[in-house]
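First up is the structure itself, then whatever we jot down about it.
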Amino acid sequence: MTKRILLIIGGGIAAYKSLFLIRELAKRGIDSRVIITRGGTEFVTPLSAGALSGDKVYTDLWNLTDEAEMGHIELSRQADLIVVAPATANMLAQAAHGVAGDLATTTLLATDKRVLFAPAMNVRMWEAASTQRNVEQLKQDGALFIGPDAGAMACGEFGDGRMAEPNIIADRIEAALLGDMTLDGLRAPKSLKGKRALITAGPTREPIDPVRYLSNQSSGKQGYAIAQALADLGAEVTLVSGPVDLPAPLGVTRIMVETALDMLAACEDSLPSDIFVSVAAVADWRPAKTTAQKTKKPKNGPPPLELIENPDILKTLCEHEKRPELVIGFAAETHDVIAQARAKRLRKTCDWIVANDVSGDVMGGNENAMILVTQDGEECWPRMEKIHAARKLAHSIANALGSSN
Ligand code: PMT
């Protein structure tokens, strides 16, 4: 089901960043309904926020039309999370003391939903004892915080006070909506520290002769993103990669290979591992013969190309004496995606399989819509950037195998 946040845009110069936040959340399949405070409207207009959110924007507690259509109680009821960005010193003070003077603060007082504040203000206002007391009070009341960041500010000073960047706020929102994180008061995903993860990514290249080969369009983006996301959660990650044009993810050991046979050997050499995620688009067949010299063009028609089957790396590791505890396959399908993925999970004997419809631009592209198929059923995730899909999968893995921080 689509998640929705109620975004309260306060009166600060960082309000413009909240417009980017709405767009970033939309890309991740999260809807925003927006309240702009009176101060906020000095910096951004309801028109621009409404155009980006695709929804009516609320500004006034005393607008009877709005109260008839959707009161402040209803606004918070319909949200999964309330986000205040930018949260000014004044907004924090009112929220900490239960002052309800306008639509935004009344909504905050009336809500039973979690609230994430992204403060933004002058460094001295942030450091003021009163602001710090208010932040402490709000944290004690269960509020979540992200930022502020340090840096140069619009007022010309330098220090803590800049609102966190929209993509970072979006990460925290996504994490909070997943219900498995606390960072600065958000529940953190379970840690994968002490766990080893083996990932395959990219295509394989099966040579015909020194200059020709069989391959596919896999770019490695999805596998690399998963390797990075698992490393970010503390796992010790080995990435066995086919030939792709991507830098090694940070903190990940990468082994470059060409053929399916090389990939299998590198995977077996990398065991034992707690987790195996088989993202590579391994060529199912390879030429039966590879010639040492370039094949000459025959006079009468194309040369015959005899193929033989490559080993199934995923199945081999599933049946291995050192089988990883959690084995996750990928199913690249163009039709009957879920049914085919279910059958593939059973055939390959992996624990989970991630189905993706590759009839569009998923292979080689930047986005993916994954369906996680386990023995308990299916979870469909909306189309999103591969890095975000990777994080979601990494969180599911951490939930299954990780330990609490
Ligand atoms: O690399 P990108 O451009 O980011 O694209 C990502 C992706 C589309 C390649 C990826 O998300 C994906 O779907 N990977 C699996 C591709 C695939 O080979 O699917 P399959 O349904 O043919 O194979 C099923 C599973 O068996 C896969 O986990 C595959 O890694 C594994 N396999 C297949 C054949 C083989 N010989 N050995 C294997 O291990």
Side-chain angles (χ1 to χ4, degrees), residues 197-206 214-229 239-247 249 254 257-268 270-271 273 275-286 307-320 323-324 326-373 381 383-390 392-394:
L198 174 62
I199 320 296
T200 63
T204 62
R205 228 177 236 182
E206 312 297 333
L214 297 178
S215 192
N216 59 62
Q217 293 181 17
S218 168
S219 63
K221 287 177 196 165
Q222 187 63 83
Y224 274 57
I226 291 169
Q228 184 69 73
L239 172 64
V240 178
S241 169
V244 296
D245 195 15
L246 295 173
R254 179 170 68 164
V257 295
E258 290 271 326
T259 66
L261 289 173
D262 295 342
M263 189 172 267
L264 174 61
C267 286
E268 288 190 295
S270 303
L271 294 177
S273 181
I275 301 154
F276 175 50
V277 192
S278 183
V279 197
V282 184
D284 290 312
W285 306 282
R286 67 179 185 276
L307 300 175
I308 53 172
E309 204 165 337
N310 265 330
D312 187 322
I313 301 170
L314 174 58
K315 191 147 173 54
T316 308
L317 264 66
C318 280
E319 291 167 355
H320 205 281
R323 184 193 198 278
L326 181 62
V327 178
I328 306 171
F330 265 66
E333 309 294 348
T334 52
H335 60 283
D336 295 337
V337 176
I338 295 184
Q340 304 243 39
R342 278 191 201 132
K344 210 169 259 183
R345 188 183 79 81
L346 297 175
R347 208 165 55 241
K348 305 241 183 186
T349 66
C350 50
D351 302 297
W352 302 351
I353 202 155
V354 176
N356 43 192
D357 185 342
V358 290
S359 54
D361 57 358
V362 166
M363 203 181 267
N366 291 326
E367 296 186 340
N368 200 354
M370 292 179 171
I371 303 163
L372 179 62
V373 180
W381 298 339
R383 189 177 163 101
M384 60 185 89
E385 282 185 29
K386 284 180 176 170
I387 183 71
H388 301 311
K392 272 177 100 74
L393 183 64

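Worth saying up front: this structure is predicted, and the values here are computed from it rather than measured. For ligands, and for the atoms within them, numbers begin at 1 and follow the listed sequence.
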Looking only at distances, can you tell me whether any N or O atom of [X], backbone or side chain, sits closer than 3.5 Å to an N or O atom of ligand 1?
X      : value
Asn356 : yes
Ala332 : yes
Val279 : yes
Ser219 : yes

Would you mind running through ligand 1 and noting each atom that sits below 4.0 Å from a heavy atom of [X]?
X      : result
Gly364 : 2 (P), 3 (O)
Gly329 : 28 (O)
Ser218 : 1 (O), 2 (P), 3 (O), 9 (C)

[atom1]/[X] to [atom2]/[Y] distance, rounded to the nearest 0.5 angstrom?
X      : Y      : atom1 : atom2 : value
Ile328 : Ile226 : CD1   : CD1   : 8.0 Å
Asp351 : Ile275 : CG    : CD1   : 11.0 Å
Ile313 : Cys318 : CD1   : SG    : 12.0 Å
Ser278 : Lys315 : OG    : NZ    : 13.0 Å

Protein heavy atom at shortest distance from [atom]:
atom                    : answer
atom 34 (C) of ligand 1 : Asp284 OD1, 3.3 Å
atom 31 (C) of ligand 1 : Ser278 OG, 3.6 Å
atom 6 (C) of ligand 1  : Gln222 CB, 3.7 Å
atom 39 (O) of ligand 1 : Leu314 N, 2.8 Å
atom 5 (O) of ligand 1  : Lys386 NZ, 3.6 Å
atom 27 (C) of ligand 1 : Phe330 O, 2.9 Å
atom 36 (N) of ligand 1 : Pro311 O, 3.0 Å
atom 18 (O) of ligand 1 : Ala281 CA, 3.5 Å

Note to self: If you apply the rule side chain to side chain contact (heavy atoms under 4.5 Å, CB included), what do you find for Phe276 with Leu271, and how did you get there?
What the structure shows: CA-CA 9 Å; Phe276 175 50; Leu271 294 177; over 6 Å; no
Margin query: With side chain to side chain contact (heavy atoms under 4.5 Å, CB included) as the criterion, how do Leu314 and Val327 come out once you've worked through the C-alpha distance, each side chain's angles and the decisive distance to 0.1 Å?
Written below: CA-CA 8 Å; Leu314 174 58; Val327 178; 3.6 Å; yes
Margin query: Heavy-atom contact check, 4.0 Å cutoff: does Ala331 meet ligand 1?
Written below: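 Yes, that is the case, since the closest heavy atom of the residue is under 4.0 Å from the ligand.
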Next item on the list: Say whether Gly220 and ligand 1 are in contact under the criterion: heavy-atom distance to a ligand atom below 4.0 Å.
Entry: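 Distance cut 4.0 Å: Gly220 passes for ligand 1.
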Hey, is [X] touching ligand 1 through its side chain, its backbone, both or neither, going by heavy atoms under 4.0 Å?
X      : answer
Ala280 : backbone
Pro203 : neither
Val358 : side chain

Checklist line | Stepwise salt bridge (charged side-chain N to carboxylate O under 4.0 Å, His left out) check, Arg383 with Asp357 | finding: CA-CA 11 Å; Arg383 189 177 163 101; Asp357 185 342; over 6 Å; no
Next item on the list: Using the side chain to side chain contact (heavy atoms under 4.5 Å, CB included) rule, take Asp312 and Asp284 through it: C-alpha gap first, then chi angles, then the decisive distance, then the call.
Entry: CA-CA 8 Å; Asp312 187 322; Asp284 290 312; over 6 Å; no
Next item on the list: For side chain to side chain donor-acceptor pair (under 3.5 Å), just list the numbers for Glu367 and His388, CA-CA rounded to whole Å, side-chain angles, deciding distance to a tenth of an Å, and then say yes or no.
Entry: CA-CA 9 Å; Glu367 296 186 340; His388 301 311; over 6 Å; no
Item checked: Candidate with minimal heavy-atom separation from atom 20 (P) of ligand 1, of Lys344, Glu309, Lys348 -> Lys344
Check: More than 12 foreign heavy atoms under 6.0 Å from CD of Glu268: is that the case here?
Finding: yes
Check: Does Glu206 reach the main-chain N or O of Ala260 with its side chain, forming a donor-acceptor pair under 3.5 Å?
Finding: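 Confirmed, Glu206 side chain pairs with Ala260 backbone.
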Note to self: For a side chain to side chain contact (heavy atoms under 4.5 Å, CB included) check, start with the C-alpha distance between Met363 and Gln222, then their side-chain angles and the critical distance, and finish with the verdict.
What the structure shows: CA-CA 9 Å; Met363 203 181 267; Gln222 187 63 83; over 6 Å; no
Notebook entry, point to check: Do Asn216 and Ser218 have side-chain N/O donor and acceptor atoms under 3.5 Å apart?
Noted result: no
